[in-house]
Protein chains: 2
Amino acid sequence: MKMTIYDVAREAGVSIAAVSQVINGKGKISEQRRQEIVQVMERLNYQPSVIASALTGKKTFTLGLLVPDISNPFFAEIARAVEDQSHHLGYSLFICSTDNKKERAERYLSLMQQKRVDGMIIGTGIANKSTLASLMKGRAPVVVIAREAKLAAKTVIIDDYCGGGLAASHLLEQNHVQVGLLSENEEVSSSRERIRGFVSKWNEAGLNIGADRIRICGDELVQDGKSQAGELLRGPNPPTALFCCNDLLAIGALKAAKELGLRIPEDVSIIGFDNTILAELTDPPLTTVAQPTKQMGQLAVDSLIEMLESGEKNDERIVLQPELVIRQSTAIKR
Amino acid sequence: MKMTIYDVAREAGVSIAAVSQVINGKGKISEQRRQEIVQVMERLNYQPSVIASALTGKKTFTLGLLVPDISNPFFAEIARAVEDQSHHLGYSLFICSTDNKKERAERYLSLMQQKRVDGMIIGTGIANKSTLASLMKGRAPVVVIAREAKLAAKTVIIDDYCGGGLAASHLLEQNHVQVGLLSENEEVSSSRERIRGFVSKWNEAGLNIGADRIRICGDELVQDGKSQAGELLRGPNPPTALFCCNDLLAIGALKAAKELGLRIPEDVSIIGFDNTILAELTDPPLTTVAQPTKQMGQLAVDSLIEMLESGEKNDERIVLQPELVIRQSTAIKR
DNA sequence: TTGAAAGCGTTACCAG
DNA sequence: CTGGTAACGCTTTCAA
């Protein structure tokens, strides 16, 4: 049933070498022979085996994408952008959700290497440097997306520090003084940067943020965001504004506030990050810092393909600018 | 740099066959030899090439998933469930978004075959029967998820017809008489079934739904949902309730209603389908019909693996029950 | 038990 | 131009 290059060659009365040449458009064959062979291939519905081709050292035309969670809308959007550009350029995509777990990430990475992906895009923290280091020594080029790489590596990212600052400025303009910050797990560098950027801007204004005001949330983003926000809001000297490192956390905060009978933004302002589709749907719509996901995904793939085609590793960082999207979850402090 | 089975064999002073045996845990080797070989493999950080193994007729341990759009939260959730179960069972996953486009679907399908996936899960309409038919004649087993297959094929699905009925009953109980329905593109069988179920329940109650009350939306779900709902709501005899075939469409409807200054649910009730994460975030939270995505994804993978391990094709349909989740976007007609 | 050798489907090099 | 043939890395008989 399954046709091979031999079947085609036999049917066309030529050698497999000839067939191989027309498949790859290489070498010299008379136009007539080529035509004939093409015809036979179509007639037999022949499809070259990527597997066999890969075994001889050719590419697999497969890329890998590692994200924390594909069901998180932000990463789903990134994934879609990456997928589109990959397929556009002729590559298939393995998608893996790591839940930010070191073991999962390493397992997936090793799997991808065994399956000989041509390159990978990493959008998730990788626990230790040595993993990334050995990864980069491998044959497959790597680009890091939406995260700070721990080593010099090609990176497509937004200026998270600046994004945090954007949020801080917005809240500052609205006269907030008491704020609470919701961060992701410490491994998540983008989250750390956002917090750093926020705090630094806040300090510039001569204001302080107590360490107890910065809450680290676990992987159950909505859930943990809700409980941490709840603690902050119920505690002494409750914040009048909450900066959340992503929209999911912000949604948790929203829930906590509502549950406490607080009005948003009248009683407490909430600001998210990512500008996922969720942000425009919440009640009230969420003020958030936007990342250009489409563009990031596309750039990541382009860079990756360029690296693997040129064979040169490239450590350049592409830093895009975040943008504040003001909706109705933030207001002047009363 | 890259270790092969030969390197291991040489280093361990045995034949490659011996190494192969310990890799696959087959054949008989003295425990001592096995230990030695394992040690060498670890020392050399040897990783068997899935590619080479596949070439000899073994599995690729790769599955393919086709969905309309991975950035649609419903499919992102399905994908996550499928991914988890796949990886749990040792398989990697290609994920492809087809946008419900025939050409894209066929291109992806062909790619997957060239890459010799062990099986595929189809969650998107495939334009013509012949494609599906030839697909199913291939070596790789297929299971259809969240969609009616056009041919006898293993299917994991909810009872969409019944789901439509659930929505209708809910609206009927609330005394609605004038309704509007928002459907997806005609190719989408689940959507058709939901509409059929809704209409039939409606008719049972002695009520009618004019053909002009059923609007087909394009692929820009939110966008198109909004414009179609807008037309309905602005038209003569506007509906007091809208049934939307998925949450995204419902969100569009929500937007249209708000833009027209209508209150929800006081002026118009809106009911969605899928119960994605979006549904609990909208303002007001969306009443919707839930699908058990986690379970569906898991069942699909389990069935697929079972088929490919047993080598038997299986046409069984697994039909799960949808469930009405009542939130605040629907209310008794005033 | 262990090892030699024949594939698996392609590519690429090297003679005709 | 064209065809034969040795890799590629692994699995699987089949002898020894």
Side-chain angles (χ1 to χ4, degrees), chain A residues 1-38 40-41 44-62 110-111 113-118 138-139, chain B residues 1-38 40-41 44-62 110-118 138-140:
Chain A
M1 193 61 245
K2 187 68 190 152
M3 292 297 144
T4 76
I5 200 172
Y6 283 97
D7 299 314
V8 177
R10 182 171 355 95
E11 195 72 15
V14 299
S15 75
I16 59 166
V19 180
S20 178
Q21 287 185 145
V22 353
I23 294 172
N24 301 291
K26 294 189 170 188
K28 265 97 222 338
I29 312 196
S30 61
E31 188 51 26
Q32 197 197 329
R33 248 164 164 8
R34 134 171 271 107
Q35 295 288 346
E36 288 172 12
I37 295 179
V38 170
V40 175
M41 293 200 300
L44 263 39
N45 194 244
Y46 165 72
Q47 311 220 261
S49 157
V50 178
I51 300 278
S53 164
L55 189 55
T56 73
K58 309 286 282 191
K59 292 191 296 189
T60 54
F61 290 96
T62 300
S110 139
L111 260 174
Q113 298 189 109
Q114 283 178 42
K115 299 203 175 158
R116 280 254 329 257
V117 296
D118 293 327
R139 65 190 311 157
Chain B
M1 193 62 246
K2 188 68 189 152
M3 293 298 144
T4 77
I5 201 172
Y6 284 97
D7 300 314
V8 177
R10 182 171 356 95
E11 195 72 14
V14 298
S15 77
I16 61 167
V19 181
S20 177
Q21 288 189 119
V22 353
I23 294 172
N24 301 290
K26 294 188 170 187
K28 264 94 227 330
I29 312 196
S30 58
E31 189 50 28
Q32 198 197 331
R33 251 167 165 358
R34 133 170 272 105
Q35 294 289 346
E36 288 171 14
I37 295 178
V38 169
V40 175
M41 293 201 299
L44 264 39
N45 194 246
Y46 165 71
Q47 310 220 259
S49 156
V50 178
I51 300 277
S53 161
L55 190 55
T56 71
K58 309 286 281 192
K59 292 191 294 189
T60 55
F61 290 96
T62 301
S110 140
L111 260 174
M112 292 192 172
Q113 298 189 111
Q114 284 177 43
K115 299 202 175 160
R116 278 252 333 254
V117 296
D118 293 327
R139 66 189 310 156

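We name chains A, B, ... by the order of the sequence lines, and we start the count at 1 in each one.
The number of heavy atoms from other shown groups lying within 6.0 Å of CD (B/Q32) does not exceed 12.
An OP1 or OP2 oxygen of C/dT10 is reached within less than 4.0 angstrom by no side-chain nitrogen or oxygen of A/N24. Contact between the side-chain N/O atoms of B/S30 and the OP1/OP2 oxygens of C/dT1 is not found at any separation under 4.0 Å. In this structure, B/R34 does not reach the C/dT2 phosphate: none of its side-chain N or O atoms is under 4.0 Å from OP1 or OP2.
In this structure, the separation between CE on B/M112 and OG1 on B/T60 is 11.0 Å, given to the nearest 0.5 Å. Interatomic distance, B/K115 NZ to A/T62 OG1, rounded to the nearest 0.5 Å: 3.5 Å. Taking CD1 from B/I51 and CZ from B/R116, the interatomic distance works out to 10.0 Å, rounded to the nearest 0.5 Å. Atom-to-atom distance recorded for B/R139:CZ and B/Q113:CD is 10.5 Å, nearest 0.5 angstrom.
Relative to the side chain of B/T56, the nucleotides C/dT2, C/dT11, D/dC10 differ in distance, and D/dC10 lies closest. Here the side chain of A/S49 is nearest to one of C/dT2, C/dG9, C/dT11, namely C/dG9. Comparing D/dT2, D/dT12, C/dG9 by their closest approach to the side chain of A/T4 singles out C/dG9.
In this entry the distance linking CD of A/Q114 with C1' of D/dC10 reads 13 Å, nearest Å. Rounding to whole angstrom units, NZ of residue A/K59 and C1' of C/dT11 are separated by 15 Å. Atom CG in B/L55 sits roughly 17 Å away from atom P in C/dA6 (whole-Å rounding). A/I37 has its CD1 atom 10 Å from the C1' atom of D/dT2, to the nearest Å. Straight-line distance from the CZ atom of B/R33 to the C1' atom of C/dT2: 7 Å, rounded to whole Å. The CE atom of B/M3 sits 12 Å away from the P atom of D/dG9 (whole-angstrom rounding). The nearest whole Å value for the distance from the NZ atom in B/K58 to the C1' atom in D/dT11 is 7 Å. If you take OH of B/Y46 and C1' of D/dG9, they are 7 Å apart, rounded to a whole angstrom.
A heavy-atom distance below 4.5 Å is not found between the side chains of B/V40 and B/V19. Residues A/Q47 and A/K2 meet the side-chain proximity criterion, which asks for heavy atoms closer than 4.5 Å.
The 5' end of DNA chain C is approached more closely, in terms of each residue's nearest nucleotide, by B/Q21 than by the other of B/Q21 and B/G57.
Heavy-atom distances under 4.0 Å link DNA chain C to A/I5, A/Y6, A/I16, A/A17 of residues 5-17 of chain A, given in residue order.
Counting non-hydrogen atoms under 4.0 angstrom, A/S53 reaches the backbone sugars and phosphates but no base.
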